[in-house]
Amino acid sequence: MSNNVMVIEHPLIQHKISLLRDKMTGAKEFRELVSETAMLMCYEVTRDLPLKEVEIATPLAMAKTKIISGRKLAFIPILRAGQGMIEGVTALVPAAKIGHIGTFREPNTNESILYYCKLPEDISERDAIIVDPMLATGASLCVAIDELKKKNAKSIKFMCIIASPEGIENVTRKHPDVEIYCGVIDDYLDENKYIVPGLGDAGDRMFGTK
Ligand code: URA
């Protein structure tokens, strides 16, 4: 597997993924679990943020201590399920800006087509983290990465909860520079491009649309 794929095996993340997979988990709990899992994953995805030393007056003395050194982030949810990860990641990085990317599958060609893209104006000064709970074929992720590259985002990472081997292969082949973080890599995609065993349609489960 590519060096750029990181599976975050933290027990809390693995436990929450099991609850997400359970078909008996309802929409409210599903939304909470997606948000919590995203927050835990964000902790790992931001591990390389650079620090600088500052001096702070504590009630007792001056302390040489560290703060994040001016790195600007943008989270980019892929609509619609990616939206469910935003509350969790912005709880950890409240100063981050949010962009949105929407794609649909053209029924005749099966191609992923961009229908919506609204990115922060200063995206060229920001490190972009694309979020989507599921990496299935990777087609919409590749469209999102293309857009961010066109707009010169400083760097691009991708964070998902469940990935398929096919999606990872597709994205790492086209974009070997993009780091992929996931909670688990599942077995395969079925004929409808659902991840197996997966958790079903993340958007439908999150928003109760089915
Ligand atoms: N999107 C989902 O929500 N679920 C899948 O299994 C694949 C894509």
Side-chain angles (χ1 to χ4, degrees), residues 1-2 4-5 17 20-27 30-31 33-35 37-38 74-87 89 98-120 123 128-153 156-210:
M1 201 203 307
S2 156
N4 274 357
V5 181
I17 291 174
L20 283 167
R21 289 190 192 280
D22 188 337
K23 66 178 183 187
M24 299 310 287
T25 299
F30 191 90
R31 282 195 295 274
L33 286 164
V34 167
S35 181
T37 307
F75 292 107
I76 319 292
I78 299 182
L79 300 175
R80 70 189 155 140
Q83 190 58 27
M85 298 170 84
I86 289 303
E87 188 184 314
V89 295
I98 315 294
H100 292 88
I101 287 186
T103 68
F104 68 95
R105 199 185 302 168
E106 213 287 317
N108 297 319
T109 61
N110 258 343
E111 221 188 321
S112 210
I113 310 284
L114 184 75
Y115 72 84
Y116 188 78
C117 178
K118 186 84 183 168
L119 299 174
I123 192 70
I129 303 176
I130 304 171
V131 297
D132 190 345
M134 309 298 274
L135 171 58
T137 63
S140 49
L141 176 57
C142 284
V143 170
I145 295 171
D146 286 341
E147 283 306 298
L148 283 163
K149 285 188 172 174
K150 264 190 233 160
K151 305 259 164 62
N152 294 317
I156 304 172
K157 291 182 182 182
F158 172 65
M159 175 176 144
C160 66
I161 298 176
I162 301 183
S164 76
E166 294 89 335
I168 287 178
E169 150 71 20
N170 185 20
V171 177
T172 52
R173 189 166 24 83
K174 292 190 181 131
H175 296 287
D177 53 319
V178 173
E179 289 178 1
I180 296 177
Y181 293 79
C182 60
V184 64
I185 302 174
D186 268 6
D187 299 343
Y188 63 94
L189 287 181
D190 72 8
E191 62 283 7
N192 298 313
K193 310 297 181 200
Y194 278 96
I195 301 177
V196 183
L199 49 69
D201 188 301
D204 281 338
R205 294 200 58 195
M206 194 177 290
F207 301 116
T209 37
K210 220 173 230 169

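Small disclaimer: the values here were computed from a predicted structure and weren't measured.
Side-chain contact check for Ser112 versus Arg105: every heavy-atom pair is 4.5 Å or farther apart. Contact of the Val5 side chain with the Tyr181 side chain is not registered, since no non-hydrogen atoms from C-beta on lie closer than 4.5 Å. Side-chain contact between Lys210 and Arg205: absent, with no pair of heavy atoms (C-beta onward) separated by less than 4.5 Å. Between Ile101 and Tyr116 there is no side-chain heavy-atom pair separated by less than 4.5 Å. Contact of the Cys117 side chain with the His100 side chain is not registered, since no non-hydrogen atoms from C-beta on lie closer than 4.5 Å. Counting heavy atoms from C-beta outward, Tyr194 and Asp201 have side chains that approach closer than 4.5 Å. Within the 4.5 Å cutoff, no side-chain heavy atoms of Ser164 are placed close to those of Ile185. The shortest side-chain heavy-atom distance between Glu111 and Val143 does not fall under the 4.5 Å cut-off.
Considering every non-hydrogen atom in both Thr137 and Ala139, the closest pair reads OG1-N, 3.1 Å. The two residues Gly99 and Pro77 have their closest heavy-atom pair at O-CD, 2.7 Å. When all heavy atoms of Ile78 and Ala144 are compared, the closest pair comes out as CD1-CB, 4.1 Å. A pairwise comparison of heavy atoms in Lys174 and Cys142 identifies CD-SG, 3.9 Å as the closest pair. Of all non-hydrogen atoms in Ile195 and Leu135, the two that sit nearest each other are CD1-O, 3.3 Å. Annotation for Ala128 and Ile123: closest pair CB-CD1, 4.4 Å, computed over non-hydrogen atoms.
Residue Ile161 is tested with Leu33, Thr37, Val131 for a side chain to side chain contact (heavy atoms under 4.5 Å, CB included); the sole match is Thr37. Checking each of Asp132, Ile130, Ile180, Val89 against Met159 for a side chain to side chain contact (heavy atoms under 4.5 Å, CB included) leaves exactly one that passes, namely Val89.
With 3.5 Å as the limit, one finds a donor-acceptor pair spanning the side chains of Thr209 and Asp204.
Summarising the local packing, NZ of Lys149 is surrounded by more than 12 heavy atoms from other residues, nucleotides or ligands at distances under 6.0 Å. The neighbour count for Glu166 CD, taken as heavy atoms of other residues, nucleotides or ligands under 6.0 Å away, is above 12. Counted within 6.0 Å of OH on Tyr188, heavy atoms from surrounding residues, nucleotides or ligands total 12 or fewer; the atom is thus considered open.
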(request) Evaluate the criterion side chain to side chain contact (heavy atoms under 4.5 Å, CB included) for residue pair Val34 and Leu20; output intermediate values, then yes/no. (result) CA-CA 8 Å; Val34 167; Leu20 283 167; 3.7 Å; yes
(request) Please step through side chain to side chain contact (heavy atoms under 4.5 Å, CB included) for the pair Ile98 and Ile76, ending with a clear verdict. (result) CA-CA 6 Å; Ile98 315 294; Ile76 319 292; over 6 Å; no
(request) Take Arg21 and Val184, measure what side chain to side chain contact (heavy atoms under 4.5 Å, CB included) needs, and give me the verdict at the end. (result) CA-CA 12 Å; Arg21 289 190 192 280; Val184 64; 3.5 Å; yes
(request) Please step through side chain to side chain contact (heavy atoms under 4.5 Å, CB included) for the pair His175 and Asp146, ending with a clear verdict. (result) CA-CA 9 Å; His175 296 287; Asp146 286 341; 3.3 Å; yes
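Within the model, atoms CE of Met134 and CD1 of Ile162 stand 4.5 Å from one another, a figure rounded to the nearest 0.5 Å. Atom CG of Asn152 sits about 11.5 Å away from atom CG of Leu119, to the nearest 0.5 Å. The CZ atom of Phe158 sits 12.5 Å away from the OG1 atom of Thr172 when rounded to the nearest 0.5 Å.
Not counting sequence neighbours, Asp190 has no partner by the salt bridge (charged side-chain N to carboxylate O under 4.0 Å, His left out) test.
No donor-acceptor pair under 3.5 Å is formed between the side chain of Ser35 and the backbone N or O of Arg31.
Under a 4.0 Å N-O distance rule, the pair Lys157/Asp177 does not qualify as a salt bridge.
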